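In what follows, a structure is listed as structure tokens, so that the remarks can point back to it.
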Protein chains: 2
Amino acid sequence: MEETTPELLPRETVLQIRDTCLCLAAQRAARRLARRFDAVLRPFGLTNGQFSLMVALNQPDPPPMGRLAPFLAMDPSTLTAAVKPLARRGLLTVEPDPDDRRSRLLHITPEGVALMRQAAEVWRSAHAALDAQLPSGLPETLRQGLAAVAAAPPPAPLNPGKDDL
Amino acid sequence: MEETTPELLPRETVLQIRDTCLCLAAQRAARRLARRFDAVLRPFGLTNGQFSLMVALNQPDPPPMGRLAPFLAMDPSTLTAAVKPLARRGLLTVEPDPDDRRSRLLHITPEGVALMRQAAEVWRSAHAALDAQLPSGLPETLRQGLAAVAAAPPPAPLNPGKDDL
DNA sequence: CCATGTTAATTTGATATCAAATGATTTATG
DNA sequence: CATAAATCATTTGATATCAAATTAACATGG
């Protein structure tokens, strides 16, 4: 009797997705890097994402959430949530923009700066170690490529189209 | 009176992190790509991560969770959680490995295969659109680079070292 | 055979993530 | 000016993510 193999996707399809999907490749790399930097930042009680957010607050003028979300390529609601543990710890404060009370400005606190001074040191050495671990030239290439991907506009969302009708 | 600028990290440090951190670049690109593929897969009720997981189940022998977690570069506990909504929908089943009842094999169901047939089609066109949007050669370069990053072993975790003592 | 150690997966608790709906303001229009 | 439309943020509900602690099962030494 022939054992009928259970029906699956064509093998070539599976291999194509597995080997070429940029989304999958990006998620994997992002998870690995996240764990790596989470580990070195753990002594400061920061995750890699919190670190990136805090870095972005080091500007003369406190940035509004509406600018940070696009910069981090995250949904506004994600930023709202991300800010809470940091505000709770007193590393930043959220203040309405006097010139537009819808907008909220994120101020880094002195405690936040103090913590970031140390965290930035650790970041530096951790990133140097990562660079040293990768084939020469790859870091720059990757940065460029990832930036291009992050900048690529989403495909026209096939939506009702405010233009039609 | 001199307005003393609030103390911040050195500007060059901020710019260095912002412009060179591979972790930040990866998180941003990963989020953008995730949203993009989440959008096209939404009609099937699948996220990009669920899609990748389901693709990996298209093997003659159902893979154990212990092999999938490393493949997806995710924590075992994350995989445990990720499997639940898919199992609830009947797209896969979780069965103990008869040869080692600690291990669990993930079987794709006929319903899962049927859904994936359609989803794979959509993936194909979505990915083609992405490729077309990027500078020629970049997709291949990125795949390679991301794979290298995902493969890079984590730095020796400076742990108690089971060897010492 | 049993005690010990090891490995696979899960649970728990916290943060991260997004879409959709809602609230709060501001801007534009009549 | 007053209503409508657009903008910024938040809430809600669901999945995603990991570390640490736990449970279940296998493996090994005695």
Side-chain angles (χ1 to χ4, degrees), chain A residues 23 27-28 30-43 45-53 63-70 72-89 91 94-106 154 157 159 162, chain B residues 23 27-28 30-43 45-53 63-70 72-89 91 94-106 154 157 159 162:
Chain A
C23 186
Q27 304 305 319
R28 292 207 285 185
R31 281 192 284 253
R32 281 273 160 74
L33 288 173
R35 268 189 283 191
R36 189 179 180 123
F37 282 86
D38 283 354
V40 302
L41 293 170
R42 189 156 311 135
L46 292 176
T47 64
N48 75 90
Q50 294 175 331
F51 176 79
S52 297
L53 172 50
M65 299 183 64
R67 261 222 319 277
L68 284 184
L72 297 170
M74 60 171 55
D75 193 89
S77 62
T78 302
L79 184 54
T80 295
V83 151
K84 292 187 175 176
L86 298 172
R88 212 183 306 138
R89 286 177 60 187
L91 301 178
V94 188
E95 309 287 351
D97 182 343
D99 296 345
D100 181 346
R101 297 199 317 270
R102 291 171 302 182
S103 180
R104 312 247 166 154
L105 306 179
L106 298 186
N159 55 9
K162 0 179 181 191
Chain B
C23 186
Q27 304 304 321
R28 292 207 284 185
R31 281 192 284 254
R32 281 274 160 74
L33 288 173
R35 268 189 284 192
R36 189 178 179 123
F37 282 86
D38 283 354
V40 302
L41 293 171
R42 189 156 310 133
L46 291 176
T47 64
N48 75 90
Q50 294 175 332
F51 176 79
S52 297
L53 172 50
M65 299 182 66
R67 261 222 319 276
L68 284 184
L72 297 170
M74 60 170 56
D75 192 88
S77 62
T78 302
L79 184 54
T80 295
V83 152
K84 291 187 175 175
L86 298 171
R88 210 182 308 137
R89 286 177 60 187
L91 301 178
V94 187
E95 309 286 353
D97 182 343
D99 295 347
D100 181 347
R101 297 201 315 275
R102 291 171 300 181
S103 181
R104 313 245 167 156
L105 305 179
L106 298 186
N159 55 9
K162 0 180 181 191

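Every chain is numbered from 1, with letters handed out A, B, ... down the list of sequences. For clarity, every value in this text was computed on a predicted model and none was experimentally measured.
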Residue-phosphate contact under 4.0 Å: B/S103 side-chain N/O, C/dA9 OP1/OP2: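 For C/dA9, OP1 or OP2 has a side-chain N or O of B/S103 closer than 4.0 Å.
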Does C/dA9 have its OP1 or OP2 closer than 4.0 Å to a side-chain nitrogen or oxygen of B/K84?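 Checking C/dA9 against B/K84, no side-chain N or O comes under 4.0 Å of OP1 or OP2.
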Quick one: [atom1] on [X] to [atom2] on [Y], what's the gap to the nearest 0.5 Å?
X: A/D97; Y: A/M65; atom1: CG; atom2: CE; answer: 13.0 Å
X: B/T47; Y: B/D38; atom1: OG1; atom2: CG; answer: 5.5 Å
X: B/R42; Y: B/N48; atom1: CZ; atom2: CG; answer: 11.0 Å
X: B/L33; Y: A/Q27; atom1: CG; atom2: CD; answer: 7.0 Å

Measure CG/B/D97 against P/C/dA9 and give the value in whole Å, please.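 One finds 9 Å between P of C/dA9 and CG of B/D97, rounded.
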I need the CG-C1' distance between A/L105 and D/dC8, as an integer number of Å.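 To the nearest whole Å, that distance equals 12 Å.
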Suppose we screen for side-chain hydrogen bond (donor to acceptor under 3.5 Å, both in side chains). Which residues come up paired with A/R101, at least two apart in sequence or across chains?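 Partners of A/R101 under the side-chain hydrogen bond (donor to acceptor under 3.5 Å, both in side chains) test: none.
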Return a table of donor-acceptor pairs under 3.5 angstrom between the side chains of residues 77-87 of chain A and protein atoms on other chains or two or more places apart.
from: A/S77; atom 1: OG; to: A/D75; atom 2: OD2; distance (Å): 2.5
from: A/T80; atom 1: OG1; to: A/P76; atom 2: O; distance (Å): 3.3

A correct 5'-to-3' footprint of nucleotides 13-25 of chain D, with B, S and - meaning base, sugar-phosphate only and no protein heavy atom under 4.0 Å, is --SSBBB-----B
